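Predicted model, so just to flag it, every value in this text is computed and none were measured. Here is the naming used below: chain letters follow the sequence lines, and residue numbers restart at 1 for every chain.
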Amino acid sequence: DGGITQSPKYLFRKEGQNVTLSCEQNLNHDAMYWYRQDPGQGLRLIYYSQIVNDFQKGDIAEGYSVSREKKESFPLTVTSAQKNPTAFYLCASSEVSGSGANVLTFGAGSRLTVL
Amino acid sequence: AQKVTQAQTEISVVEKKDVTLDCVYETRDTTYYLFWYKQPPSGELVFLIRRNSFDEQNEISGRYSWNFQKSTSSFNFTITASQVVDSAVYFCALSEGYGSSNTGKLIFGQGTTLQVKP
């Protein structure tokens, strides 16, 4: 079945460590997104990519980095510069539509806790 | 600025009651899309509906119905005869840009947690 796989599901990190969250899709979607979810704040966009080897910052990109070397993969690195990294991270993908009708397909998420 | 507001943080209802989740949006685009997603306890967001700004007809899908009113910038979601399995967080979202200005991004509301009690 086509879908998005995020790993790990749960991750614990010590302060000062970088961690990388994996996101893989087999939907042949061109666009991929990373959202952060905090209680009471909905989903906020971290980074997005509409094509391989290109990506743009979202609303809260500080302290995060991404790469898009393959169409199927869009890993997110949470760096030590991110001041409050404990959150639920959701990866999504979609076809690229010029109309704005993009339906995002989401992964099951990765929950990061900083100790 | 583009914004989605879901003023109801949490709603609790008894099973079989109807419940309406409110969504109000702000956009400078004349053409846009609105969405509703469901997030069950498993965490994965599930797509429910997409509505084009030109289409103001209400839509019904089983126990779910959506009321889109452009005049009040609202896109409300009603569950009829709610069930325990409807318990989840529900998000309303707005597309950013249209045509050449479309970024593919969705702007999400804060979400409404619905608890349906037996």
Side-chain angles (χ1 to χ4, degrees), chain A residues 1 3-10 23 25 27 29-51 54-61 74 87-112, chain B residues 1-10 21-25 27-55 88-113:
Chain A
D1 286 339
I4 297 180
T5 301
Q6 288 188 241
S7 63
K9 190 168 180 63
Y10 298 96
C23 177
Q25 56 102 354
L27 299 165
H29 285 166
D30 286 309
M32 296 188 75
Y33 312 82
W34 275 105
Y35 283 89
R36 169 177 171 147
Q37 184 177 7
D38 296 282
Q41 296 195 50
L43 276 66
R44 294 180 291 168
L45 184 65
I46 305 172
Y47 269 99
Y48 67 104
S49 167
Q50 294 187 304
I51 195 169
D54 188 40
F55 48 83
Q56 284 76 42
K57 293 182 179 180
D59 301 315
I60 56 167
F74 193 41
F88 188 55
Y89 292 88
L90 285 156
C91 180
S93 71
S94 75
E95 295 178 345
V96 175
S97 163
S99 66
N102 311 316
V103 174
L104 270 61
T105 300
F106 283 85
S110 293
R111 187 168 298 280
L112 172 63
Chain B
Q2 292 171 295
K3 185 180 178 182
V4 176
T5 301
Q6 295 179 254
Q8 303 151 308
T9 304
E10 294 184 17
L21 309 181
D22 298 332
C23 173
V24 175
Y25 62 93
T27 181
R28 56 180 174 267
D29 296 323
T30 54
T31 302
Y32 49 89
Y33 286 83
L34 293 161
F35 302 77
W36 275 95
Y37 281 84
K38 173 182 180 180
Q39 184 181 39
S42 61
E44 183 174 338
L45 269 75
V46 177
F47 167 73
L48 295 178
I49 190 172
R50 174 183 61 197
R51 171 66 72 209
N52 183 300
S53 57
F54 289 127
D55 183 2
V89 182
Y90 291 86
F91 289 98
C92 181
L94 168 71
S95 62
E96 180 181 271
Y98 183 81
S100 60
S101 67
N102 174 241
T103 62
K105 296 157 52 177
L106 293 186
I107 300 163
F108 284 85
Q110 302 92 319
T112 297
T113 300

**Prompt:** Where does Gln56(A) contact chain B at under 4.5 Å (heavy atoms): side chain, backbone, both or neither?
**Reply:** neither
**Asked** In terms of heavy-atom pairs under 4.5 Å, which option from Gly109(A), Gly42(A), Ser94(A) contacts chain B the most?
**Response** Gly42(A)
**Request:** For Leu90(A) and Gln37(A), work out which heavy atoms get closest and say how close.
**Result:** CD1-OE1, 3.6 Å
**Prompt:** Side chain, backbone, both or neither: which part of Thr9(B) has a non-hydrogen atom closer than 4.5 Å to chain A?
**Reply:** neither
**Request:** Using the six-membered ring wherever Trp is involved, compare the ring planes of Tyr37(B) and Phe108(B) and label them parallel, tilted or perpendicular (cut-offs 30° and 60°).
**Result:** tilted
**Side-chain heavy atoms of Leu104(A) within contact of Phe35(B), under 4.5 Å** = no
**Request:** With sequence neighbours excluded, tell me which residues meet salt bridge (charged side-chain N to carboxylate O under 4.0 Å, His left out) with Asp38(A).
**Result:** Arg36(A), Arg44(A)
**Item:** Part of Glu10(B) lying under 4.5 Å from any heavy atom of chain A
**Value:** neither
**Complete:** Sequence neighbours excluded, the answer for ring pair (Phe, Tyr, Trp, His ring centres under 6.0 Å) partners of Phe88(A) is none
**Heavy-atom contact with chain B under 4.5 Å, split by part of Ala31(A)** = neither
**Request:** Please state whether the side chain, the backbone, both or neither of Leu45(A) comes within less than 4.5 Å of a heavy atom of chain B.
**Result:** side chain
